[in-house]
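Naming: A, B, ... by sequence-line order, numbering from 1 per chain.
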Protein chains: 2
Amino acid sequence: MEFSLETLKQKLCDREYKLTPQRRIIMEAFTRNPEKHLSAEDVYGMVKQNNPEIGLATVYRTLDLFAELDILQKMDFGDGRSRYEFSASDVHHHHHLICLACGKVMEFEDDLLETLESAVEKKSRFRIVDHQLKFYGYCEKCGK
Amino acid sequence: MEFSLETLKQKLCDREYKLTPQRRIIMEAFTRNPEKHLSAEDVYGMVKQNNPEIGLATVYRTLDLFAELDILQKMDFGDGRSRYEFSASDVHHHHHLICLACGKVMEFEDDLLETLESAVEKKSRFRIVDHQLKFYGYCEKCGK
DNA sequence: GTATCTGCAAACTCTTTGCAAAAAC
DNA sequence: GTTTTTGCAAAGAGTTTGCAGATAC
């Protein structure tokens, strides 16, 4: 799936939500930073530059809404704030490498997990709808 | 590794920390619930029953300390509070199945990930020290 | 026009911190 | 005895909520 403005409009309309300037602007923040894992505060800082009147609460509400519409995926890297990126529910899953020294988050792709997922699903009688894999360690720069 | 009282004493002593009743009691809460993923509030509730004078801040400080000593592992299931269980850094890694309906957390064992880990390590030049795998879905009871 | 959405400020939850008294070694 | 540790209360961070005015459709 691709997340253009049209997709957003569609998804909002489907559920009787309105397309407001704030929602469009927040969407654009992600379109312009597709590879980043933005926190609410990050997004707020970015959108406030051109729209100083926007409220932080609106950012939070919009991120929640987008997560509910499966446009964004909420995630947690253990630093006490939630982060968001475009949902990848229907594309290849990617995972995260988190540097314990500098906090940098890198991504990697893998599909080995799909195999594991179906095995676990069978054994555990759990119906799995999503997974999250994080590796913690030290990036090249932080070495050691 | 096994986490007896002796281990605790040892680990504390090694780093010039003292063995206080509070620390012992909190340790016991985990020994009595080895399979649970306790939050600070959970632990507080449990230890307060026999030791009403204990403070929540002490619980937080102790959990932090135990995580630093690698006795406990801090983890996050996305519900806004940290959870702790005995560290498994030197034993087989286990992972979590989290029910999106009732919130129940189940565990499963797997070592397939070790293979993946070394592959990623080579490709990415990341030195990996830990990993976390979570599957989200619906448990048998919550069905669909 | 009407129901939704926004901005603001206040509230809320989880966690951390400062400090003086208490306790471990 | 000295240094660490505790309990309390207050502060802090991130997030949510109530409400009256503004806005999308």
Quick check on the helix from C/dG1-D/dC25 to C/dC25-D/dG1: what's the angle between its two end axes, five base pairs per end, to the nearest 10°? 40°

Partners meeting salt bridge (Lys or Arg N to Asp or Glu O under 4.0 Å) with A/Glu107 (sequence neighbours left out): none

Using a heavy-atom cut-off of under 4.0 Å over every strand shown, decide if A/Glu41 touches base, sugar-phosphate, or nothing. nothing

Side-chain atoms of residues 14-21 of chain B: list all donor-acceptor pairs with protein atoms under 3.5 Å, sequence neighbours left out, distances to 0.1 Å.
| residue | atom | partner | partner atom | Å |
| --- | --- | --- | --- | --- |
| B/Asp14 | OD1 | B/Gln10 | NE2 | 3.2 |
| B/Arg15 | NH2 | B/Glu68 | OE2 | 2.8 |
| B/Thr20 | OG1 | B/Arg23 | N | 3.2 |

Side-chain (A/Thr58) to main-chain (A/Ile54) donor-acceptor, under 3.5 angstrom: no

Walk along nucleotides 18-25 of chain D from 5' to 3' and tag each nucleotide B, S or - by protein heavy-atom contact under 4.0 Å, base first, then sugar-phosphate. B-----BS

With sequence neighbours excluded, what pairs up with A/Phe126 under the ring pair (Phe, Tyr, Trp, His ring centres under 6.0 Å) test? none

Tell me whether the OP1 or OP2 atom of D/dT15 has a side-chain N or O from A/Ser82 closer than 4.0 Å. yes

Results of salt bridge (Lys or Arg N to Asp or Glu O under 4.0 Å) for A/Arg61 - residues two or more places apart only: none

When the distance from CG of B/Asp14 to P of D/dT4 is rounded to whole Å, what number comes out? 17 Å

Nearest whole angstrom, please: distance from the P of D/dT6 to the CG of B/Asp64. 12 Å

Give the residues of residues 22-30 of chain B touching DNA chain D, defined as any heavy atom closer than 4.0 Å, sorted by residue number. B/Gln22, B/Arg23

Answer with yes or no whether the side chains of A/Asn33 and A/Glu85 bring together a donor and an acceptor at under 3.5 Å. no

Rounded to whole Å, please give me the gap between CG in A/Asp79 and C1' in D/dT15. 14 Å

Figure out the NZ/P separation between A/Lys74 and D/dG14, and round it to whole Å. 14 Å

Only one of A/His37, A/Met106, A/Arg83 passes side-chain contact (heavy atoms from CB on, under 4.5 Å) with A/His96; say which it is. A/His37

Of all heavy-atom pairs linking B/Ile71 and B/Lys11, the shortest is CG1-CD, 3.7 Å

Side-chain atoms of residues 40-52 of chain B: list all donor-acceptor pairs with protein atoms under 3.5 Å, sequence neighbours left out, distances to 0.1 Å.
| residue | atom | partner | partner atom | Å |
| --- | --- | --- | --- | --- |
| B/Asp42 | OD1 | B/Ser39 | OG | 3.3 |
| B/Asp42 | OD2 | B/Ser39 | N | 2.9 |
| B/Asp42 | OD2 | B/Ser39 | OG | 3.1 |

How would you list, by chain and number, every residue that makes a side chain to side chain contact (heavy atoms under 4.5 Å, CB included) with A/Ser118, sequence neighbours excluded? none

Examine distances only and state if a side-chain atom of B/Glu121 and a backbone atom of B/Arg127 form a donor-acceptor pair shorter than 3.5 Å. no

To the nearest Å, give me how far apart CG (B/Leu56) and P (D/dA9) are. 13 Å

Going by the rule salt bridge (Lys or Arg N to Asp or Glu O under 4.0 Å), which residues pair with A/Asp76 if we only count those two or more places apart in sequence or in a different chain? none

Going 5' to 3' along DNA chain C, between which two nucleotides do contacts with chain B fall, using a heavy-atom cut-off of 4.0 Å? C/dC14 to C/dC25

Can you measure A/Asp42 atom CG to D/dT15 atom P for me and round it to whole angstrom units? 10 Å

Atom CG of B/Asn51 and atom C1' of D/dT5 are separated, to the nearest Å, by 15 Å

Mind checking what makes ring pair (Phe, Tyr, Trp, His ring centres under 6.0 Å) contact with B/Phe135, not counting sequence neighbours? A/His131, B/Phe108

Euclidean distance, atom OH of residue A/Tyr84 to atom P of D/dG14 [Å, nearest integer]: 13 Å

